[in-house]
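Predicted model only: the values in this text are computed from it and were never measured. Scope of the values below: all heavy atoms of this structure, side chains included, with no hydrogens, waters or symmetry mates.
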Amino acid sequence: MTAETSQTLDRGLRVLKLLADTDHGLTVTELSNKLGVNRTVVYRLLATLEQHALVRRDLGGRARVGLGVLRLGRQVHPLVREAALPALRSLAEDIGATAHLTLVDGAEALAVAVVEPTWTDYHVAYRAGFRHPLDRGAAGRAILAARQSLLTEPGYTLTHGELEAGASGAAAPLIGVTGVEGSVGVVMLSDSVPERVGPRVVDAAREVADALT
């Protein structure tokens, strides 16, 4: 800690991070041990976070992340979308295919930003808000591959016909962006993805990651 930072806020944020990393919640004693502070401090932190609905405690006294976190999370998508749009526009115009930024939302992939090329005669209609299982489509598969460290150079995933008949996709995961799990990709009406598209998608994913860090 430095003179410019708040120890209490730091501890509160650490509580939220600890709770976010567990599915079964934590007791006051467990939080006290993990934070290295006494139980009284933990009680005060939890009481404050509960007032803002950021933490809830069940009947057994275990603390869990509260629904108030969801309200904060809803504001993340617009910020991420705005940061990604320049790279997506460049990708769509360069490849002549619909470009998209996809983020993880529970067990699904959620398209949060979509840019269509301006110069093509036809392209795949793909809309922000479109959802699909993580294990179908290039966008979701790229994310899963990154989770499992399955991607090899140049780091992209290709699919065909998994979400729409006759459409192929290429996607690369966002790497090195704390708190954001997603991918950047393109979808096109083609039996296969041209060779240059994969590396170009990797470059676009890197540009988006840089914009978010």
Does the R81 side chain pair with the main chain of V112, one donor and one acceptor, at a distance under 3.5 Å?
yes

If I compare all heavy atoms of I143 with all of T102, which pair ends up nearest, and what's the gap?
CD1-O, 4.2 Å

Test of understanding: with salt bridge (Lys or Arg N to Asp or Glu O under 4.0 Å), list the residues that count as partners of E82, not counting sequence neighbours.
none

Locate the shortest heavy-atom distance separating T120 from P117; write the atom from each residue and the value.
OG1-CG, 3.4 Å

Joining Ile, Leu, Val, Met, Phe, Trp and Tyr whenever any side-chain heavy atoms lie under 4.5 Å apart, the cluster holding V124 also takes in V114, Y122, Y126, F130, L163, V187, L189

Could you tell me which non-hydrogen atom of G155 sits nearest to which non-hydrogen atom of P173, and how far apart they are?
O-CD, 3.7 Å

Euclidean distance, M188 CE relative to T98 OG1, rounded to 0.5 Å:
9.0 Å

If I take atom CG from residue L110 and atom CG from residue L134, how far apart are they, to the nearest 0.5 angstrom?
10.5 Å

Give a yes or no on whether the backbone of D105 and the side-chain of E108 come within a donor-acceptor separation of less than 3.5 Å.
no

With sequence neighbours excluded, residues passing salt bridge (Lys or Arg N to Asp or Glu O under 4.0 Å) with D191:
none

The complete set of side-chain hydrogen bond (donor to acceptor under 3.5 Å, both in side chains) pairs with one or both residues in residues 110-119, sequence neighbours excluded, reads E93-T118, E116-H123, E116-R127

Of the non-hydrogen atoms in H132 and R136, which two are nearest, and what is the gap between them?
ND1-O, 2.9 Å

Ignoring hydrogens and angles, tell me if any N or O in the side chain of T48 forms a donor-acceptor pair with the backbone of R44 under 3.5 Å.
yes

For D21, give me all partners under side-chain contact (heavy atoms from CB on, under 4.5 Å), at least two apart in sequence or on another chain.
none

Hits for salt bridge (Lys or Arg N to Asp or Glu O under 4.0 Å) against D94, two or more places apart or cross-chain, chain-then-number order -> R196, R200

Check whether any side-chain heavy atom of Q7 lies under 4.5 Å from a side-chain heavy atom of D10, and answer yes or no.
no

With sequence neighbours excluded, give me every salt bridge (Lys or Arg N to Asp or Glu O under 4.0 Å) pair touching residues 159-186.
R141-E162, R147-E181

Let me know which of T213, V80, L101 forms a side chain to side chain contact (heavy atoms under 4.5 Å, CB included) with L174.
L101

Residues forming a salt bridge (Lys or Arg N to Asp or Glu O under 4.0 Å) with R11, sequence neighbours excluded
none

Locate the shortest heavy-atom distance separating A204 from A87; write the atom from each residue and the value.
O-CB, 4.1 Å

For S168 against H160, the heavy-atom pair lying closest together:
OG-ND1, 2.7 Å

Output the distance between atom CG (L9) and atom CG (L45), rounded to the nearest 0.5 Å.
10.0 Å

Verdict with reasoning, E207 to D210, per side chain to side chain contact (heavy atoms under 4.5 Å, CB included)
CA-CA 5 Å; E207 291 174 26; D210 289 343; 5.6 Å; no

In chain order, what residues pass the side chain to side chain donor-acceptor pair (under 3.5 Å) check against T22, with sequence neighbours excluded?
H24

Roughly how far, to the nearest 0.5 Å, is the CG atom of L31 from the NZ atom of K34?
8.5 Å

Would you say T27's side chain and E30's backbone share a donor-acceptor pair under 3.5 angstrom?
yes

Using side-chain contact (heavy atoms from CB on, under 4.5 Å) as the criterion, list what pairs up with R39, not counting sequence neighbours.
V28, T29, S32, Y43

Provide the full list of ring-ring contact (aromatic ring centres under 6.0 Å, His included) pairs with a residue in residues 183-213, sequence neighbours left out, each pair given once.
none

Contacts of type side-chain contact (heavy atoms from CB on, under 4.5 Å), residue A138, not counting sequence neighbours
T159, A171

Walk me through whether V41 and L35 qualify under side chain to side chain contact (heavy atoms under 4.5 Å, CB included).
CA-CA 10 Å; V41 172; L35 292 172; over 6 Å; no

Out of curiosity, R64 CZ to L19 CG, how far, rounded to the nearest 0.5 Å?
9.5 Å

Can you tell me how far OG of S90 sits from CG of L85, rounded to the nearest 0.5 angstrom?
12.5 Å

